[in-house]
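Whatever order the structure lists ligands and atoms in, that order sets their numbers, starting from 1.
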Amino acid sequence: MKPIGILDSGLGGVSVVLALKKAYPDLAMVYLADQIHAPYGNKSKQEICEIMESNIAWFQHQGISEVLLACNTASSNALEYLHEHFPLMKIEGIIDVTVNQIKDADCVGVLATTATIASHAYKTKIETRLNARVIEQAAPDLVALIEGLADEKLLSVVLNDYCHSIKECDTVILGCTHYPLVKDLIAERVSGEIVDSIEPIIQSFLNREYPKGDVVLYTTKDPQNLQQQIEIIFKEKVEVLKGVVK
Ligand code: DGL
């Protein structure tokens with residue numbers, strides 16, 4: 001069995017990979033951090049689809065046939081497109097599993113990238129499952145600040161703004177895999193229960209067969225820089241390779 005491919009624009013996917021490794025230490029994964037294109041969230045749907053097509057072709061080239069989009073922006077904008085273009089591959093998004101974990105809510109706040117909010121993928125999915133009001137809030141600068149390892153002061157300024165509209169919601173979805181990295185700062189600004197994509201992704205590997213082996217990390221940008229980012233944020237020393245996507 002070939003490793004599972006995991007794809008995101010950067011540190012959000014790293015948090016997914018590390019959480020999966022903790023839960024399933026023998027799970028074989030190849031992670032591609034497409035940092036050269038980060039942030040995805042400020043791009044058009046068409047650009048996101050084109051970038052994703054090249055990235056999935058990169059996995060296909062390595063013989064990998066199952067890829068998890070550890071990215072809400074790609075899941076909400078490019079999943080159908082990728083299914084059409086790669087009919088023989090298993091490509092999974094994370095919007096449905098994230099919403100499915102909410103059992104009951106009156107008001108759901110969705111904090112996500114501009115492209116995810118523009119797709120209304122969360123709103124649509126929530127409204128088919130729950131009788132809840134949905135407040136969508138885009139956070140255009142947050143991914144770039146997280147990737148840039150911005151300090152708490154700077155993050156606080158933008159989060160004061162982004163969290164204002166959703167602060168009274170009983171449930172808040174962190175609709176971007178980068179946001180759990182600033183979950184404590186968000187929790188200080190909203191009163192509802194915070195849910196993200198990491199736990200349901202872990203659950204999705206329960207009771208299924210999965211490939212056993214190592215974890216290999218690639219970035220499309222600067223391997224040394226991602227190594228440093230991972231060391232600073234996750235306190236993990238790992239090797240990162242250069243992924244050349246055509
Ligand atoms: N972590 C991603 C997401 O879940 C990508 C964010 C971005 O690159 O803008 O949406």
Side-chain angles (χ1 to χ4, degrees), residues 5-20 29 31-56 67-79 81-82 91-99 101 109-123 125 136-150 155 158-159 162 172-183 186 194-202 204 217-222 225-226 229-230 233-234 243 245:
I6 313 267
L7 175 59
D8 180 46
S9 63
L11 295 172
V14 175
S15 60
V16 171
V17 168
L18 294 180
L20 278 171
M29 291 177 271
Y31 175 54
L32 181 64
D34 184 19
Q35 291 182 298
I36 206 156
H37 292 118
Y40 287 162
N42 298 347
K43 297 186 170 24
S44 70
K45 184 179 175 76
Q46 194 185 331
E47 283 174 299
I48 295 166
C49 287
E50 282 165 12
I51 291 168
M52 284 303 132
E53 187 173 354
S54 306
N55 288 336
I56 297 295
V67 180
L68 172 70
L69 304 179
C71 173
N72 292 268
T73 308
S75 301
S76 58
N77 280 273
L79 191 59
Y81 178 90
L82 294 173
I91 303 168
E92 284 156 305
I94 55 176
I95 305 293
D96 288 2
V97 289
T98 304
V99 173
Q101 70 188 311
V110 180
L111 188 65
T113 66
T114 304
T116 297
I117 294 298
S119 76
H120 301 299
Y122 270 111
K123 185 172 163 60
K125 175 71 185 169
E136 298 174 291
Q137 175 65 54
D141 297 323
L142 200 45
V143 166
L145 289 174
I146 293 170
E147 285 284 320
L149 308 182
L155 288 164
V158 297
L159 285 173
Y162 299 151
V172 172
I173 295 178
L174 303 189
C176 170
T177 52
H178 280 70
Y179 302 171
L181 296 170
V182 293
K183 189 174 178 173
I186 294 171
I194 296 180
V195 299
D196 62 42
S197 307
I198 293 188
E199 195 49 40
I201 291 175
I202 290 174
S204 72
L217 306 181
Y218 291 87
T219 177
T220 53
K221 204 172 176 187
D222 177 356
N225 184 52
L226 181 55
Q229 287 174 310
I230 294 173
I233 296 190
F234 302 99
V245 176

Kindly say whether N77 contributes a backbone atom to a donor-acceptor pair with the side chain of S119 at under 3.5 angstrom? no
N72: numbered ligand 1 atoms lying under 4.0 Å from its heavy atoms: 3 (C), 4 (O), 10 (O)
Got a donor-acceptor contact below 3.5 angstrom from the T219 side chain to the A33 backbone? yes
Donor-acceptor pair, distance only, cut-off 3.5 Å: does the side chain of K43 make one with the backbone of I48? no
Between E50 (side chain) and E47 (backbone), is there a donor-acceptor pair under 3.5 Å? no
For ligand 1, note which part of T73 has a heavy atom under 4.0 Å away: side chain, backbone, both or neither. both
Ligand 1 versus T113, non-hydrogen atoms closer than 4.0 Å: side chain, backbone, both, neither? side chain
So, does T220 use its side chain to make a donor-acceptor pair with the main chain of I36 at under 3.5 Å? yes
Looking only at distances, can you tell me whether any N or O atom of A70, backbone or side chain, sits closer than 3.5 Å to an N or O atom of ligand 1? no
Taking only heavy atoms of S9 into account, list the atoms of ligand 1 that are under 4.0 Å away from them. 5 (C), 6 (C), 7 (C), 8 (O)
Does any donor atom in the side chain of Y81 or E53 lie under 3.5 Å from an acceptor atom in the other side chain? yes
What atoms of ligand 1 come within less than 4.0 Å of a heavy atom belonging to D8? 1 (N), 2 (C), 5 (C)
Do the side chain of Q229 and the main chain of E147 share a donor and acceptor less than 3.5 angstrom apart? yes
Side chain, backbone, both or neither: P39 near ligand 1, heavy atoms under 4.0 Å: both
May I ask you to list the atoms of ligand 1 that are less than 4.0 angstrom from any heavy atom of C176? 1 (N), 2 (C), 3 (C), 4 (O), 6 (C), 10 (O)
Among all protein heavy atoms, pick the one closest to atom 9 (O) of ligand 1 and tell me residue, atom and distance. G41 N, 2.7 Å
Closest to atom 7 (C) of ligand 1 among protein heavy atoms sits Y40 N, 3.2 Å
Between Y179 (side chain only) and L142 (backbone N and O only), is there a donor and an acceptor less than 3.5 Å apart? no
V143: numbered ligand 1 atoms lying under 4.0 Å from its heavy atoms: 6 (C), 7 (C), 8 (O), 9 (O)
